[in-house]
Amino acid sequence: MQPFTACSLSLVLLCVVMLDLSAQAQSKSDKPLLAPGIISTDAVEFGAVFSPDNKEVFFTRGSGDWGSSEQNYHIYVARGTGNGTWTSPKRLFDGSYQTGDPFLSPDGSRLFFTSDRPYPGKPGQGDDIWVMDRVDGEWQDPYPLINLATETLENSPVLAADGSLYFSSMRSGGYGQGDFWRAEPDGHGGFRTPENLGAGINDKSGEWTLMLGPNDAYMIFEASGRPGALSNSGDLYITYRKGNEWTPATALVALNTQGSDLMPRLSPDGKHLYYTSTFVLNGRQSDIVSVNIASVVRSGASPGPRLGVVSRSGHELVTVDPSEMIVAERFPTGKGPHEAAYLRERNYVFLPDYGVFPRPHNEPVTGGTPPFQFADTNTLTRIHLPSGDIEKIKICERSHGITSSGIADRLWVSCQNIEQVWEINPDTDSIEKQWDLGVKGNHTLTVTEDGRYVVAANIEDGSISIIDRQQGEVTTIETGKGAEGLDLSANEKEIWVGNAQASTVSVIDFQSRSIIVTFPSEGNFPVKVAITPDNSEVWVVNTFSRSVAIFDRASRQLKDNLTFDTAPLGILITPDGDTVFLSFPRFNQVRRFERTSRTETGRVDGIIEADGMTWID
């Protein structure tokens, strides 16, 4: 247990600057407190961890002033009432022994914690790691992890996605006052001899409490006494996993204060970070506060191009570091976006709020489709990436498709209900032109590189419409039922269209405006089409058959047909043509593939009903 960063017990109480307990009261937090008056009170609280169903929260509460050697700490549990509030917390254990640092396994069946309670063969007086199993909804008697115990104290047990246990310890063999250690599972519910995480994470000062991100992609941790630290008592840092190594840690300057900042924890949906702060060095108490995890990960995110993924049921734009396959940022949108467009010159991402989306689900859906939900929307969400500013632009109802051109300096959105495509000036938010197509269901859009021609796929009419912006002409060509998937060849001589309901692909000669050939999509329901930048291949996403057919562009012959365990939907090929990203909405996933070998090279979870994607550079 680590109630006062490195100074949890009297033997290390002097390892950092002592508190002036006679100083003035602490300042108020500018961040939301966890259940003020119920969980966050005038007492000392830290280390909140939630059950997977968000119906329980376990945390540590202490008596007396923060940092006092006379404090006693105990684990409390509060239960959700169903309306966003919590019941009055109750102590989890009776007795006088100290308990703290609770951590639940991902399935909620095991509770790890620290305690100074005795047991036969206990090597010292410090805190050891204990476990309690939940069987048929009832907690069993706790037991210590004896082989992890030492004469000194162990803190902050955290179970990783691979089943390993991470924790902090002052045991011998480390680099400083306290280090992070990792113990692999032994296959029988216990753990093998722990190994130090090494000098890349640990240093000569002290590392005390930690939290691992989804799939162990990053670690947020507390350390004290590092060079440049805002507080000697403990600051928060973030590091990213690269293979078996960790990147150099970056201080989370937006969160750190002059007081103690520690015990990071994630909400069950992975969207919020909860951590504990005293806010000022002389604070008498600590509170549990929350922030959006996007703001935390963004401050330490790897620089460079990102993948922008539309979460149609999470109502978000999620940016992903493509090399590490970790979520970098999350931006809220209107209801039910499906597509996004990036305007490079202004660093804006635009998303039409379509208002039609499957019911949100945090768990994978293995059969069928979640029921669709509907919201009345007439907005376009605009996100300024450097600042994170979000604005709403009023447009037509049921706008689904969007495309942009830096050369033409314009956006185009599909107005599905009124059979139009609207042209928008992104500087003034004004609608400059409205193109009447005269056909139903214009659903997806693309644009030529010079911005002269806009192409719309009309899903209800089974056709595409080519808009000549210079001549003001619209040409419509019938292709097949459910025309939706749409892409232009690199030389813009061909338009490839996936006719979803017909399960066919049509190739159109751009100059003559005539169909060259229509052939089977080699799957069922081709909703997306993507042509490689070198013009050699066409990837066709057949959603209902859970497959992607890969055609030779010149010969139209099938080269490969990839099948998956769930339905793919969105597709994006990197500008160099080496990498393909596919979204899998039922599994809330995006997967990365090496194009030439067709092998999967990474995936990211937690993007609810992932749909369209755009490249952000």
Side-chain angles (χ1 to χ4, degrees), residues 310 312-313 336 338-339 352 354-358 365 367-374 398-403 414-421 437-446 455-466 475-488 494-508 513-531 538-551 556 558 561-564 566-571 582-586 609-612:
V310 179
R312 61 181 176 178
S313 296
H338 287 222
E339 303 289 339
Y354 186 50
V356 180
F357 51 94
V365 175
T369 301
F372 272 81
Q373 300 180 341
F374 301 87
R398 290 287 182 264
S399 177
H400 177 279
I402 188 168
T403 191
S414 64
C415 295
Q416 189 166 304
N417 284 6
I418 58 175
E419 303 177 6
Q420 291 183 346
V421 170
L437 304 187
V439 293
K440 295 181 179 180
N442 49 309
H443 200 61
T444 55
L445 300 174
T446 190
V455 184
N458 308 309
I459 191 170
E460 292 183 48
D461 188 63
S463 64
I464 68 163
S465 295
I466 302 174
T475 303
T476 297
I477 305 162
E478 292 185 9
T479 58
K481 291 183 178 179
E484 181 173 0
L486 189 64
D487 203 7
L488 294 169
E494 295 176 350
I495 306 170
W496 283 61
V497 184
N499 306 307
Q501 296 175 40
S503 292
T504 61
V505 175
S506 296
V507 183
I508 297 168
R513 309 291 199 266
S514 60
I515 293 179
I516 300 172
V517 64
T518 296
F519 54 89
S521 67
E522 301 296 343
N524 191 0
F525 215 75
V527 294
K528 293 289 193 301
V529 173
I531 304 175
V538 184
W539 289 49
V540 177
V541 178
N542 288 296
T543 294
F544 286 179
S545 56
R546 299 184 176 185
S547 62
V548 173
I550 303 172
F551 295 92
R556 332 292 189 206
L558 182 69
N561 207 336
L562 312 180
T563 57
F564 305 99
T566 183
L569 182 58
I571 183 169
L582 292 170
S583 63
F584 294 84
R586 298 293 99 84
E609 283 288 317
D611 195 344

## Note on the structure
The side chain to side chain contact (heavy atoms under 4.5 Å, CB included) partners of Gln420 (sequence neighbours excluded) come to Cys415, Ile418, Trp422, Gln434, Asp436

### Under the side chain to side chain contact (heavy atoms under 4.5 Å, CB included) test, residues paired with Val310 that sit two or more places apart
Pro337, Ala340, Leu351

### Residues forming a side-chain hydrogen bond (donor to acceptor under 3.5 Å, both in side chains) with Ser545, sequence neighbours excluded
Ser547

### Task
Start with the C-alpha gap between Val356 and Arg398, add the side-chain angles, then the distance that decides, and say whether side-chain contact (heavy atoms from CB on, under 4.5 Å) holds.
CA-CA 8 Å; Val356 180; Arg398 290 287 182 264; 3.6 Å; yes

### Summary
Residue set satisfying side chain to side chain contact (heavy atoms under 4.5 Å, CB included) with Phe544, at least two apart, ordered chain then number -> Asn524, Phe525

## Note on the structure
CD1 (Ile459) and CD (Gln501) are apart, to the nearest 0.5 Å, by 6.5 Å

### Task
Work out which heavy atom in Glu522 is nearest to a heavy atom in Asn561; give both atom names and the distance.
O-ND2, 2.9 Å

### Query
Which atom names give the shortest non-hydrogen contact between Ile466 and Arg513, and what distance separates them?
CD1-CD, 3.3 Å

### Message
To the nearest 0.5 Å, what is the distance between CH2 on Trp539 and CZ on Phe551?
### Response
12.5 Å

List the atom pairs, donor and acceptor, that lie under 3.5 Å between side-chain atoms in residues 475-482 and the rest of the protein, sequence neighbours left out.
{"unit_1": "Thr476", "atom_1": "OG1", "unit_2": "Ser465", "atom_2": "OG", "d": "2.9"}
{"unit_1": "Thr479", "atom_1": "OG1", "unit_2": "Asn499", "atom_2": "OD1", "d": "2.8"}

## Note on the structure
Ile464 and Ala457 have their tightest heavy-atom pair at CG2-CA, 4.2 Å

### Message
Given Trp496, which partner from the list Leu488, Val505, Leu486 fulfils the side chain to side chain contact (heavy atoms under 4.5 Å, CB included) test?
### Response
Val505

### Message
So, using side chain to side chain contact (heavy atoms under 4.5 Å, CB included) as the criterion, who are the partners of Phe564 when residues are at least two apart?
### Response
Val548, Leu562, Pro568, Leu582, Phe584, Arg591, Phe593

### Query
If you round to the nearest 0.5 Å, how far is OG1 of Thr563 from CZ of Arg546?
10.5 Å

### Query
Taking only residues two or more places apart in sequence or in another chain, which ones pass side-chain hydrogen bond (donor to acceptor under 3.5 Å, both in side chains) with Ser583?
none

#### Entry: Side chains of Thr444 and His400 in contact at under 4.5 Å (non-hydrogen atoms)
yes

### For Gln416, all residues meeting side-chain hydrogen bond (donor to acceptor under 3.5 Å, both in side chains), sequence neighbours excluded
Tyr354, His443

## Note on the structure
Nearest heavy-atom approach of Ser521 to Val540 is CB-CG1, 4.4 Å

### Query
Can you name the closest pair of heavy atoms from Pro585 and Ala567 and give their distance?
CD-O, 3.5 Å

#### Entry: Non-hydrogen atoms of Pro358 and Arg312 that approach each other most closely
CD-NE, 3.6 Å

### Query
Just by modelled atom types, is the Thr518 backbone N or O under 3.5 Å from a matching donor or acceptor in the Ser506 side chain?
no

### Task
Assess the side chains of Asn442 and Ser414: does a donor N or O sit below 3.5 Å from an acceptor N or O?
no

### Query
With a 4.5 Å limit on heavy-atom distance, are the side chains of Val527 and Leu569 in contact?
yes

### Query
salt bridge (charged side-chain N to carboxylate O under 4.0 Å, His left out) with Arg586: which residues, sequence neighbours excluded?
Glu609

### Task
With sequence neighbours excluded, tell me which residues meet side-chain hydrogen bond (donor to acceptor under 3.5 Å, both in side chains) with Arg556.
Glu494

